[in-house]
Structures are given as structure tokens and as C-alpha cells.
Visitor: 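To start, I am sharing the structure in question, which I have written as C-alpha cells.
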Amino acid sequence: MTTQITSARPAAGPRKGARRRPPAPSATKVGRPGFAWALPAAVFFTLFAIVPLIMVAVLSFMSWDGLSSPQFVGMDNWSRLMDDPVMVTSIWLTLLLTVLGVVLQTPLSIVLGVWAAGHQRNRAVLSAIYFIPLLLSATAVSVLWRALLDPNFGIPADVDWLFGDGNLFGEQATAIGVLAFVSTWQFTPFHTLIYQGAARAIPQVLYQAAEIDGAGRYRQFFHITLPQLRNSMITSMILMIVGGLTTFETVLILTQGGPGTDTTISAYYMYDKAFKSFDYGTGSAIALVLVVAATIISLIVVRLSGYDKMRSSMEGVS
């Protein structure tokens with residue numbers, strides 16, 4: 001009986017120049033979510049934003065008092081708006097309040113946000129107290145300041161050496177100043193929260209390197225902190241602009257567009273036309289003007305700042 005022994009031939013290695021097959025995708029690899037994940041939000045946005053916007057656009061070419069059937073009037077509502085001096089004034093007042101909001105809130109928000117991102121003693125307690133206005137509605141804030149600034153029973157009645165006759169709502173300049181102050185008092189904490197989160201995300205190694213080079217706090221703030229807050233600054237400014245163009249409750253409760261029409265901004269004028277004069281066609285035209293203006297200004301800010309070309313270094317990481 002003979003035994004035949006065969007030796008196993010060694011496995012052939014990869015040939016030179018042969019392409020390696022990519023590894024099979026891992027079960028744990030995470031990719032971008034499909035469209036189904038965004039479908040609920042898309043449906044909600046369509047029903048409560050796109051559809052009403054289309055209805056407002058159609059209604060701006062109609063004459064409707066809210067009771068009878070709408071009548072198509074073409075461009076009559078728009079032509080009357082162009083010749084309306086109150087509308088022209090309201091646009092300038094809206095832009096003025098928006099600019100004042102950006103100018104006042106931006107530096108305050110940056111300074112307070114950077115401070116709140118630190119590790120100072122009692123920082124958490126002071127930040128919690130400062131953020132209280134953010135928890136209140138615009139209506140509650142307006143009612144509060146209307147009572148505090150009442151010329152007969154409020155603070156101006158007891159501090160006449162500072163407020164004069166105490167009627168801050170009797171002149172256009174002081175009334176606009178009150179509106180800007182109340183908006184700043186209420187919404188600055190929100191933007192402070194944005195800058196606080198952004199400041200905490202700045203790598204500490206940048207400050208450590210600056211300290212080694214001998215840079216003080218002020219140079220670190222202007223050469224490290226501010227450049228790193230650029231994206232958050234643009235986002236905050238866009239929110240301020242959109243919020244300023246759509247301000248309504250503050251004017252309604254504090255001044256009601258007065259004295260006369262000196263504080264009648266576009267959003268309040270839209271309310272006055274639609275719900276006081278029952279001219280829903282003109283009110284819809286004003287609303288459409290506000291939407292278009294807010295969109296155009298936001299796009300201009302995004303384009304001039306280069307924000308649309310910025311990409312996150314973590315985008316697509318799996």
C-alpha cells in the first residue's frame with residue numbers, strides 16, 4: 001500500500017497593478033439621512049408657511065372686507081400703497097428700528113456672551129438672572145414697561161429731573177428710543193446665548209498660544225475671539241434683521257403707532273389696515289412687502305459676508 005503525499009501550493013498573492021476591491025460597507029457606517037426624515041417638517045412648513053404665503057399673495061390683488069366675497073382689483077392695492085405717505089414713513093421707521101436693534105444688541109450680546117462663557121465666580125447665577133427676559137413673551141414685556149414708564153404712576157413721575165414731563169410716548173424721538181430700549185432689553189439675552197455657545201467652542205489652544213506670545217486679554221479678544229465668532233455673528237444679525245422687520249406686539253402695546261403715526265411701522269400698519277380698517281387686500285400687500293424685504297436683506301447679508309461659501313469641517317463625517 002503506497003501513500004501519496006501532495007504538497008499544498010501556496011496561495012497566490014495579488015498581482016502587480018491589480019486594483020484592490022473596496023471593503024464592504026460596515027453596518028455601523030452612518031450616512032446622510034434620507035428625504036423621509038425631512039418629510040414631516042417639509043409638510044408642516046408647506047401647510048403653515050408656503051400655503052398661507054401664497055394665499056396672502058393672491059389676496060393682495062383682491063378687495064376684501066372679511067365678510068363679503070373677495071373681488072379682483074388687480075394692482076389697485078399696490079398703486080395705493082405706493083402713493084400712501086404713511087406706508088413710505090412706516091418703511092423708514094421699520095428700517096430705523098431694525099438698525100438700532102442691530103447696533104445696540106450686537107456689541108452687548110458679544111460682550112455678555114463671551115463673559116458668560118468663562119468661569120467667573122457666581123457666573124451661573126448672574127447669567128440665569130440676566131436670561132429672565134428671554135422667558136417672557138413680548139406682550140408681557142411690553143405691558144411691564146408700559147406700566148413702568150407711565151407718565152402718571154411710573155418711574156418718570158418720580159424722576160422728573162431725568163425725564164422732564166415724564167411723557168416719553170408724547171414725542172417721536174423718545175417713543176422710538178423706548179421701543180429700541182425695550183426690544184434690546186428683551187432680545188439681547190437670546191443673542192447672548194448664541195455667542196456664549198460659540199465662545200465656548202473656541203479651542204483653548206489658541207489662547208494658550210497667544211499667552212505664550214505675550215498677548216493680553218484685549219488682543220486675544222479682538223484677534224482670536226471676534227474672528228472665531230464670525231459665523232455666529234452673521235446668524236445673529238440675520239435673526240435681528242428679520243425680528244426687527246416683523247416687530248409688532250411692542251408697538252401695539254407701548255405706542256399704538258403714536259403719537260399720530262410717528263411710530264407706525266410696517267407690521268403695525270398692516271394690522272391697522274387689515275383688522276381696523278377691514279382692508280385685507282392692502283394689509284396682505286403690506287405683509288408681502290415685509291416678507292420680500294426680509295428675504296432680500298437676509299440674502300444680501302449672507303452674500304456679502306461669504307457665509308454661503310462656508311462649510312463645516314465636520315460635515316459628512318461618519
Side-chain angles (χ1 to χ4, degrees), residues 45-66 70-103 105 138-139 142 172 175-176 179-180 183 187 234-305 308:
F45 182 76
T46 301
L47 291 178
F48 295 97
I50 302 299
V51 173
L53 183 60
I54 295 175
M55 295 175 64
V56 167
V58 173
L59 194 58
S60 65
F61 299 97
M62 303 285 184
S63 176
W64 187 44
D65 58 3
Q71 300 293 327
F72 181 77
V73 293
M75 298 295 294
D76 288 354
N77 294 329
W78 293 94
S79 60
R80 281 190 285 109
L81 274 183
M82 293 178 184
D83 298 332
D84 190 350
V86 179
M87 180 61 191
V88 176
T89 304
S90 70
I91 293 176
W92 287 111
L93 289 174
T94 302
L95 294 177
L96 175 61
L97 284 175
T98 302
V99 171
L100 287 176
V102 173
V103 171
Q105 295 179 40
T139 302
S142 301
Q172 183 182 37
I176 292 177
L179 293 174
S183 297
F187 294 111
I234 296 170
T235 302
S236 175
M237 289 180 62
I238 291 176
L239 293 175
M240 289 180 187
I241 291 172
V242 174
L245 293 177
T246 57
T247 298
F248 170 71
E249 301 96 328
T250 307
V251 176
L252 174 65
I253 296 174
L254 286 177
T255 65
Q256 296 184 356
T261 58
D262 287 343
T263 58
T264 300
I265 60 176
S266 298
Y268 181 81
Y269 195 47
M270 172 193 66
Y271 164 80
D272 182 77
K273 280 292 186 180
F275 298 100
K276 286 188 175 182
S277 302
F278 299 101
D279 187 359
Y280 289 92
T282 305
S284 299
I286 299 174
L288 199 60
V289 169
L290 288 174
V291 172
V292 173
T295 303
I296 292 176
I297 294 176
S298 300
L299 291 176
I300 291 175
V301 172
V302 169
R303 182 55 64 104
L304 293 180
S305 62
D308 57 331

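Remember, it's a predicted structure, so these values are computed and weren't measured experimentally.
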Visitor: How far does OG1 of Thr295 sit from CD1 of Ile300, to the nearest 0.5 angstrom?
Guide: 11.0 Å
Visitor: Would you give the length of the straight line joining atom OG of Ser298 to atom CD1 of Ile234, rounded to the nearest 0.5 angstrom?
Guide: 12.0 Å
Visitor: May I have the list of side-chain donor-acceptor pairs in residues 250-259 shorter than 3.5 Å, sequence neighbours left out?
Guide:
| unit_1 | atom_1 | unit_2 | atom_2 | d |
| --- | --- | --- | --- | --- |
| Thr255 | OG1 | Val251 | O | 3.3 |
| Thr255 | OG1 | Gly257 | N | 3.4 |
| Thr255 | OG1 | Thr263 | OG1 | 2.9 |

Visitor: Checking Phe72 now: which residues fulfil ring-ring contact (aromatic ring centres under 6.0 Å, His included) with it, not counting sequence neighbours?
Guide: none
Visitor: Donor-acceptor check, side chain of Ser79 to backbone of Asp76, threshold 3.5 angstrom: yes or no?
Guide: yes
Visitor: To the nearest 0.5 Å, how far apart are CD1 in Ile91 and CG in Leu96?
Guide: 13.5 Å
Visitor: More than 12 non-hydrogen atoms from neighbouring residues, nucleotides or ligands closer than 6.0 Å to CE on Met87, yes or no?
Guide: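 Correct, the count exceeds 12.
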Visitor: In terms of ring plane angle, is the pair Trp78 and Phe61 parallel, tilted or perpendicular, where the classes change at 30° and 60°?
Guide: tilted
Visitor: For the atom pair OG (Ser277) and OH (Tyr269), what is the distance rounded to the nearest 0.5 Å?
Guide: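 Reported value, rounded in 0.5 Å steps: 7.5 Å.
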Visitor: Please step through side chain to side chain contact (heavy atoms under 4.5 Å, CB included) for the pair Ser266 and Met270, ending with a clear verdict.
Guide: CA-CA 6 Å; Ser266 298; Met270 172 193 66; over 6 Å; no
Visitor: Do you know the tightest heavy-atom contact between Gln105 and Ser183?
Guide: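 Closest approach of Gln105 to Ser183: NE2-O, 3.9 Å.
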Visitor: Using atom types as modelled and distance alone, determine if a side-chain donor or acceptor of Asn77 lies under 3.5 Å from a backbone N or O of Met62.
Guide: yes
Visitor: Quick check on side-chain contact (heavy atoms from CB on, under 4.5 Å): which of Val242, Thr98, Leu245 does Ile297 satisfy it with?
Guide: Leu245
Visitor: Kindly indicate whether the side chain of Val301, heavy atoms from C-beta on, has any atom under 4.5 Å from the side chain of Ile241.
Guide: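 The answer is yes; the side chains approach within 4.5 Å.
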Visitor: Decide yes or no on side chain to side chain contact (heavy atoms under 4.5 Å, CB included) for Tyr280 and Phe275, but give the supporting numbers first.
Guide: CA-CA 8 Å; Tyr280 289 92; Phe275 298 100; 3.9 Å; yes
Visitor: Within a strict 4.5 Å, meaning less than it, do heavy atoms of the Lys273 and Asp84 side chains meet?
Guide: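 The answer is yes; the side chains approach within 4.5 Å.
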Visitor: Got a sec: does the CE of Met75 have more than 12 other heavy atoms crowding it under 6.0 Å?
Guide: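 Result for CE/Met75: enclosed.
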Visitor: Identify the residue among Leu81, Leu288, Val289 that makes a side-chain contact (heavy atoms from CB on, under 4.5 Å) with Ser60.
Guide: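 Only match with Ser60 under side-chain contact (heavy atoms from CB on, under 4.5 Å): Leu288.
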Visitor: Given side chain to side chain contact (heavy atoms under 4.5 Å, CB included), test Leu53 with Val291 step by step and report yes or no.
Guide: CA-CA 9 Å; Leu53 183 60; Val291 172; 4.0 Å; yes
Visitor: Under the side-chain contact (heavy atoms from CB on, under 4.5 Å) test against Leu97, which residue among Thr247, Ile176, Val102 passes?
Guide: Ile176
